[in-house]
A.B. asks: 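Sending over a structure as structure tokens; questions will come in a sec.
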Protein chains: 2
Amino acid sequence: MQEKLRQFQRYLDKAGLKATRQRELIARAFFATTTHVSAEGLYRRVAGRHPRIGLVTVYRTLKLLKDAGLAHERQFGEGRALFEHASSEHHHDHIICTECGKITEFENYEIEALQEQIVRRLGFLIRHHKLELYGLCRECSAATGAGQGIQTAEAG
Amino acid sequence: MQEKLRQFQRYLDKAGLKATRQRELIARAFFATTTHVSAEGLYRRVAGRHPRIGLVTVYRTLKLLKDAGLAHERQFGEGRALFEHASSEHHHDHIICTECGKITEFENYEIEALQEQIVRRLGFLIRHHKLELYGLCRECSAATGAGQGIQTAEAG
DNA sequence: AGTGATATTGATAATCGTTTTCACTGTCGT
DNA sequence: ACGACAGTGAAAACGATTATCAATATCACT
């Protein structure tokens, strides 16, 4: 957290931008999140303690965090964008529960390799990709009783 | 084309909806497209000859075409939705050229199988997925000279 | 073909997430 | 501390899509 904050300030400095109170508050709030947040959601967190901060500034700061390489913006389906920490880890993809909205991350080397093959074959030069699986998470599929497709140990 | 049009009319009839002049014109224009169209784009095609048709009606008719199972709506990145014919063929995914916007379709059984594995492992019940590869198509990568990554016969 | 119930249309306004505008305020190098 | 100039927030603008509503068209029934 402190390290990421420092990275952000270093970025601002290098880019000739100013390290303002608002930017620090918003960045702090962002780094304190564990899951994906929308601009609005982050705004609510910050505005709770600092009501004078505007939603616009949250949008602007999130853009800066992206530029600094510290945040990724994701578009799941339609509607609002969600932001997540940009870790130095591998690229990952997402599974989105259509019932409760829970987002689970995963990475799979083989899928990436297959994508690479396809792209080569078609003569494309790939820049990035987006793989999203939509469905019901374990809890929601249990709750709605939409059981088929789930294999559990006791099923056998 | 005629067959799809008939399917649409059958759907309207079954749903207790009316087969209007506008709906036929818009459906015709849609079935006449070969690639992905936006509502706006389809509107422009229709409005060329029939200026009294409103964009709103195009949106509404596209929704009906979806309901009839004759169109799919796609959200590529941010911005406007694109519509494509819903063929009875297999599910397919897309490669989008970030330069010229060209959209190429592909399908790959192995990727689907791997997705299935991952989903099982995580206890999710998958409903649908979305795989999009973004990059430069053959023409655009040649044009911009961003050559690396492309393997051609004459390269050896 | 005519009628009438009701679905449909199109212009306009509304919506939603996001970005711009702009007058005022803050930051930071000097 | 000063001043140039970047940053702020409120409100307006924006683009894609949807809702509203009065006027119009369709279609089952005669």
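Not measured: the values here are computed from a predicted model. Here is how names work: the chains are called A, B, and so on, in the same order as the sequence lines, proteins then strands, and each is numbered from 1.
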A.B. asks: Looking only at atom types and distance, does a side-chain atom of Ser141(A) sit under 3.5 Å from a main-chain N or O of Cys137(A), one as donor and one as acceptor?
C.D. replies: yes
A.B. asks: Kindly write out the residues that satisfy side-chain contact (heavy atoms from CB on, under 4.5 Å) with Gln115(A), not counting sequence neighbours, or none if the list is empty.
C.D. replies: Ile111(A), His129(A), Ile111(B), Leu131(B), Leu133(B)
A.B. asks: With each end axis built from five pairs of C1' atoms, what bend angle do you get for the helix from dA1(C)-dT30(D) to dT30(C)-dA1(D)? Round to 10°.
C.D. replies: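 The end axes of the helix from dA1(C)-dT30(D) to dT30(C)-dA1(D) are about 30° apart, to the nearest 10°.
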A.B. asks: Which residues pass the side-chain hydrogen bond (donor to acceptor under 3.5 Å, both in side chains) test with Gln75(B), sequence neighbours left out?
C.D. replies: none
A.B. asks: Using distance only, find each side-chain donor-acceptor pair of residues 21-43 of chain B under 3.5 Å and give its atom names and separation, not counting sequence neighbours.
C.D. replies:
unit_1: Arg23(B); atom_1: NH1; unit_2: Lys18(B); atom_2: O; d: 2.7
unit_1: Glu24(B); atom_1: OE2; unit_2: Arg28(B); atom_2: NE; d: 3.1
unit_1: Glu24(B); atom_1: OE2; unit_2: Arg28(B); atom_2: NH2; d: 2.8
unit_1: Thr33(B); atom_1: OG1; unit_2: Phe30(B); atom_2: O; d: 2.6
unit_1: Thr33(B); atom_1: OG1; unit_2: His85(B); atom_2: NE2; d: 3.2
unit_1: His36(B); atom_1: NE2; unit_2: Glu84(B); atom_2: OE1; d: 2.5
unit_1: His36(B); atom_1: NE2; unit_2: His94(B); atom_2: NE2; d: 3.3
unit_1: Ser38(B); atom_1: OG; unit_2: Gly41(B); atom_2: N; d: 2.9

A.B. asks: Please report the shortest heavy-atom distance between Glu116(B) and Ile126(B), naming the atom on each side.
C.D. replies: OE1-CG2, 3.8 Å
A.B. asks: With sequence neighbours left out, what residues match Glu3(B) under side-chain hydrogen bond (donor to acceptor under 3.5 Å, both in side chains)?
C.D. replies: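 Partners of Glu3(B) under the side-chain hydrogen bond (donor to acceptor under 3.5 Å, both in side chains) test: Arg6(B).
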A.B. asks: For residues 54-67 of chain A, which residue pairs pass the salt bridge (Lys or Arg N to Asp or Glu O under 4.0 Å) check, not counting sequence neighbours?
C.D. replies: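 Listed by first then second residue: Lys66(A)-Glu73(A).
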A.B. asks: What protein N or O atoms touch nucleotides 8-10 of chain D N or O atoms at under 3.5 angstrom, if any, and at what distances?
C.D. replies:
unit_1: dT8(D); atom_1: OP1; unit_2: Thr20(A); atom_2: OG1; d: 2.7
unit_1: dT8(D); atom_1: O3'; unit_2: Gln22(A); atom_2: NE2; d: 2.9
unit_1: dG9(D); atom_1: OP1; unit_2: Arg52(A); atom_2: O; d: 2.7
unit_1: dG9(D); atom_1: OP2; unit_2: Gly54(A); atom_2: N; d: 3.2
unit_1: dG9(D); atom_1: OP2; unit_2: Thr57(A); atom_2: OG1; d: 2.2
unit_1: dG9(D); atom_1: N7; unit_2: Arg60(A); atom_2: NH2; d: 2.4
unit_1: dG9(D); atom_1: O6; unit_2: Arg60(A); atom_2: NH1; d: 3.4
unit_1: dG9(D); atom_1: O6; unit_2: Arg60(A); atom_2: NH2; d: 3.4

A.B. asks: So which heavy atom on Phe124(A) is nearest to which on Gly135(B), and how close?
C.D. replies: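 Nearest pair, atom of Phe124(A) first, then Gly135(B): CD2-C, 4.3 Å.
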A.B. asks: From OH of Tyr59(B) over to P of dG15(D), roughly how many Å is that when rounded to an integer?
C.D. replies: 13 Å
A.B. asks: What are the 5'-most and 3'-most nucleotides of DNA chain C lying under 4.0 Å from any heavy atom of chain A?
C.D. replies: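 So the contact region on DNA chain C extends dG17(C) to dC28(C).
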A.B. asks: List in chain and number order the residues that pass side-chain contact (heavy atoms from CB on, under 4.5 Å) with Ala15(A), two or more places apart in sequence or in another chain; answer none if no residue qualifies.
C.D. replies: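 For Ala15(A), the residues satisfying side-chain contact (heavy atoms from CB on, under 4.5 Å) (neighbours in sequence not counted) are Tyr11(A), Leu17(A).
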A.B. asks: Within the supplied structure, the quantity of interest is the number of heavy atoms (other residues, nucleotides, ligands) at a distance under 6.0 Å from Glu99(B) CD; does it exceed 12?
C.D. replies: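 Not buried by this count: 12 neighbours or fewer within 6.0 Å.
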A.B. asks: Of all residues at least two apart in sequence or in a different chain, which pass the side-chain hydrogen bond (donor to acceptor under 3.5 Å, both in side chains) check with Glu110(B)?
C.D. replies: none
A.B. asks: Using a strict heavy-atom distance below 4.0 Å, which residues from residues 1-19 of chain A are in contact with DNA chain C?
C.D. replies: Lys18(A), Ala19(A)
A.B. asks: Sequence neighbours excluded, which residues qualify as side-chain hydrogen bond (donor to acceptor under 3.5 Å, both in side chains) partners of Glu132(A)?
C.D. replies: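 Glu132(A): side-chain hydrogen bond (donor to acceptor under 3.5 Å, both in side chains) contacts with Tyr134(A).
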